[in-house]
Each structure stands twice: as C-alpha cells, then as structure tokens.
**Q** 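Below you'll find the structure I mean.
Start at 1 and go down the list; that is how both ligands and their atoms are numbered.
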Amino acid sequence: MSVDLIVKNATLPDGRSGVDIACTGGKISAVEQGITAQAGVTIDAGGQLVSPPFVDCHFHMDATLSLGQPRLNESGTLLEGIALWGELKPLLTHEAVIERALNYCDLAVSQGLLAIRSHVDICDDRLLAVEALLDVRERVKPYLDLQLVAFPQDGYYRSPGAEENLARALDMGVDIVGGIPHFERTMADGAASVRALCEIAAQRGLMVDMHCDETDDPMSRHIETLAAETQRLHLGGRVAGSHLTSMHSMDNYYVSKLIPLIAEAGVAAIANPLINIAIQGRHDTYPKRRGMTRVPELLNAGVPVAYGHDCVMDPWYSLGQADMLEVAFMALHITHMTSRDDMRFAFQAVTENPARVMNLEGYGLVPGCRADMVLLQANDPIEAIRLKPARLKVIRAGKVIAETPPKVARLALDGRPANVDGKDYQPKAAG
Ligand SMILES: [Zn+2]
C-alpha cells in the first residue's frame, strides 16, 4: 500500500500520542500507530502536537488591515468604530478590499487558520465589499474555507436600503443571514429585526449569525428573541448569537431562565474575547466590567461555545496577527477558565467548536476527513496556548501549504544550555 503523505509520531489534541496520520487523494485514510505504508512525503512530527486547522467563526474581512484609514479610533468604543467605518466605506475600492482580504488570508494560512466566517457590511448601496469578498471566497477556495454573512452594520431597519441590500447580497451568493438588533433605534425595532431576519433564513434555508447584544446594557435582551425565533422556525443547529456581551451585566435570575432557552433552541454562542475585553466597559469608571458573555454557564447548560477573532487592525482593534491561540489565551483569562480541562476547552473553542458552528464538512482528524492539519512546535493544546508557537507545517488536502522554522534561541552563557526552546519547559507533573 502506498499513500501520498504520512505524518509520523504525532500527539493529537485529545492526548493520544505516537500516532501516524496517512493521507491519500486529499483525505485522511488512517489515524493509528505504526503505519508502515510507503508515502510520497513523510513528515516526522517528533511527538509534537498535530491539530486540525484553526477556525475563526467571527471576523470582518471587509475592514481588516484598514487601520488608520481615514483616522484612528480615539475613544476605543464600538460606536466610534462604527462611525469611523462609515467614513471609510465611501472611499473603498473593489481592488483595495480584495487586496487587504487576500493579504489577511495569507497571514491566516501561515498561522494554520484555514476556515473563516466573515461578516460583510451590506449597508452600502454599491455592495462593493460584497462583490469583492465573493470574489475572494472563490480565489481562496483551494486553501481556505470562507463563509460570508450578510451584515447590516448600520441597522436592518435603521439604515435606509438595508432590507433591500440584504436580500440582494443573499441573491448574489452570500451564505448566511446577519443582523445587529442592539443597534436599531428601539428595543422593539431590534426584536422585529430578529424576527424578520430569521424568517428570511427559514425561507431561504440559510444559517443565521447575528451580532447580538454587543453592549454593556443589561436590558439588551435580543438573544431571548433570537432563541425564541429559532424554536418557532425550527432553525436549531443553524443559528449563532455573536458577542452576547450584555449577558455579562444581566440580572442573575433572568439569566437562569435565559440560558436554558438558548440551550433548548439549539443556538450557539460566539464570544470574541480580544474585542469584548477591549471595547466593553468603556462607559464604566471603576470597577470596569469585563463584558464577555457567561461562557462556563453556557457550557454547563450544553450550549455550543466558540471563540472568534472579530477584528485585526481595523476601526475597532489595532492589534492581531490571525493567531487564534491569542484569542484562546485572552479568553481563558477573562473567563477565569484556568483549570487543565478549561484550558483544553479553550483550544477546542478555536478549532472543533467553531467548525461545528459553521457546519464545516470533512473537518477533523479521523479517516474520511479532508487532510487538513497543523503541526505545532508544542507538546499539547495547553502548551500551544501558553507559547503561541510556530506552525511548523500547515497542510491542506494532503499538501504542505505553509512552513515556519522552529523558534529556538541560542544562548551564550557559560555553564548553561546552548539552546532555549519554549516547549522544553513543560511541567512534567501537570498532566
Ligand atoms: Zn463582529
């Protein structure tokens, strides 16, 4: 028997070690110890972590890498970010959006991030960003799965033309219905927008992913309507509420009733830790709220939870490098989820959980899945979050599409080791 590629001696995210992964015809054909087949290409993982690719289920590819155009966000708030993006929108060109998006995808691939769900603003009658990102979706298809969400950034009802533009964007081939109920003029308008948008998704057989309650206002309760509409229209498993930051500030009694509804409805929660901690709490003096949704409580109720990057160098956030391990790292700090199991969950929240939220096909390290994987310079998922290590090999459909040399420092100290490699510092007793 001969195969196209074998990765030897891998440690998998679930803790299995000494595993070989064989790939044939772009798919995984075997995952077991001691595979002896001849291979066109053999990669020795050396006992290091091999993971399915990173997945970002919440991003804004039309705005990414635009930092400073036409100016910087001085207040750091969501609202100034939206205003700033509104200033940039009329200046966008098709070519510039495509160039920034393709540049970002290059960075993503180098980090082993091979699937992204991006919102695309439809509140521009030209639908220029929609056209550009549909083009990008096709161009990156061989190496990156890009899902697009029709996102009425300035409000589905609040922005004139948004209703028509959203329908046009879906007709053009945008995959998912978005929304932003907390940005509508009234709570009633917000709830009505959730109903209308869920009905559109039900009629068209599409998924829903709404920016929902991205505010510190504890009375922002649109997630309740989103869950109820998901039940009414039988959309369970196809709906995500993004951000849900108001839940941080809600009354505990109300949340004890809300979370079971979200679980029963089959709505997934997407938190965006870097952006939530940077943007929420800006109206507070002290203490300042963290403003991230209630992740442990959602998980305990059985709600699928995934983490997104949301922004990289755009009107809302100045930093980022397409590294989903930075997202996981921030998340476990904000949520106090620092037990070994909790940290392993943080790794799942940037790999398999967002893959499930996006309903990605053929994702995972089992036979029959597409042969997509990442070899990291780390021994296990917790260490990967700690080190944010080099992605030594990024593999797509059985072919290496990106490589990074290992990061090893050379020391010039008498009596001390010649090299320092972060993964040699793993505590032996931690488990
Ligand atoms: Zn967003």
Side-chain angles (χ1 to χ4, degrees), residues 55-67 73 76-86 88-89 100-101 104 108 113 116-123 129-130 133 146-156 159 162 166 169 174-184 190 193-194 197 207-216 220 222-223 226 239-248 268-280 282 291-293 305-320 322 324 327 330-331 349-350 354 357-358:
V55 179
D56 182 1
C57 57
H58 189 114
F59 195 65
H60 293 265
M61 206 171 279
D62 49 1
T64 194
L65 306 182
S66 69
L67 182 68
N73 183 337
T77 59
L78 174 71
L79 297 181
E80 185 175 346
I82 293 174
L84 217 168
W85 172 240
L88 174 57
K89 250 189 284 189
R100 285 192 281 101
Y104 185 77
L113 168 55
I116 299 175
R117 173 182 282 182
S118 174
H119 296 255
V120 52
D121 188 358
I122 54 87
C123 294
V130 172
L133 290 192
L146 179 60
Q147 282 185 351
L148 297 176
V149 185
F151 175 45
Q153 171 77 76
D154 299 328
Y156 185 60
S159 170
L166 186 125
V174 170
D175 308 278
I176 298 163
V177 180
I180 185 164
H182 56 276
F183 196 68
E184 304 293 349
S193 78
V194 172
L197 290 160
M207 292 188 278
V208 176
D209 187 340
M210 268 181 217
H211 284 67
C212 198
D213 304 323
E214 189 184 4
T215 159
D216 294 311
S220 187
H222 296 297
I223 180 58
L226 182 61
V239 177
S242 278
H243 290 294
L244 309 180
T245 53
S246 72
M247 200 188 298
H248 187 93
I270 298 173
N272 297 295
L274 294 164
I275 303 322
N276 298 156
I277 197 69
I279 282 185
Q280 301 305 314
R282 290 276 178 166
M292 195 160 119
T293 198
V305 178
Y307 295 147
H309 204 313
D310 199 0
C311 301
V312 169
M313 290 187 270
D314 70 7
W316 296 274
Y317 188 61
S318 298
L319 304 175
M324 294 307 292
V327 175
M330 180 60 79
V350 293
V357 169
M358 289 171 66

**Q** So, for V149 and V177, which heavy atoms are closest and what is the spacing to 0.1 Å?
**A** CG1-C, 3.9 Å
**Q** Where does the angle between the aromatic ring planes of H58 and H119 fall among parallel (under 30°), tilted (30 to 60°) and perpendicular (over 60°)?
**A** tilted
**Q** Look at the aromatic rings of H309 and F59 and report parallel, tilted or perpendicular, splitting at 30° and 60°.
**A** perpendicular
**Q** Can you list the protein N, O or S atoms less than 2.8 Å from the Zn ion (ligand 1)?
**A** H58 NE2, H60 NE2, H211 NE2, D310 OD1
**Q** Could you tell me the separation between the OG1 atom of T215 and the CE atom of M247, rounded to the nearest 0.5 Å?
**A** 13.0 Å
**Q** Given the rule in the ring pair (Phe, Tyr, Trp, His ring centres under 6.0 Å) test, do H60 and F151 qualify, once you have shown the distances and angles that lead to the verdict?
**A** CA-CA 10 Å; H60 293 265; F151 175 45; 5.6 Å; yes
**Q** Does the side chain of Q153 come within less than 4.5 Å of I180's, by heavy atoms?
**A** yes
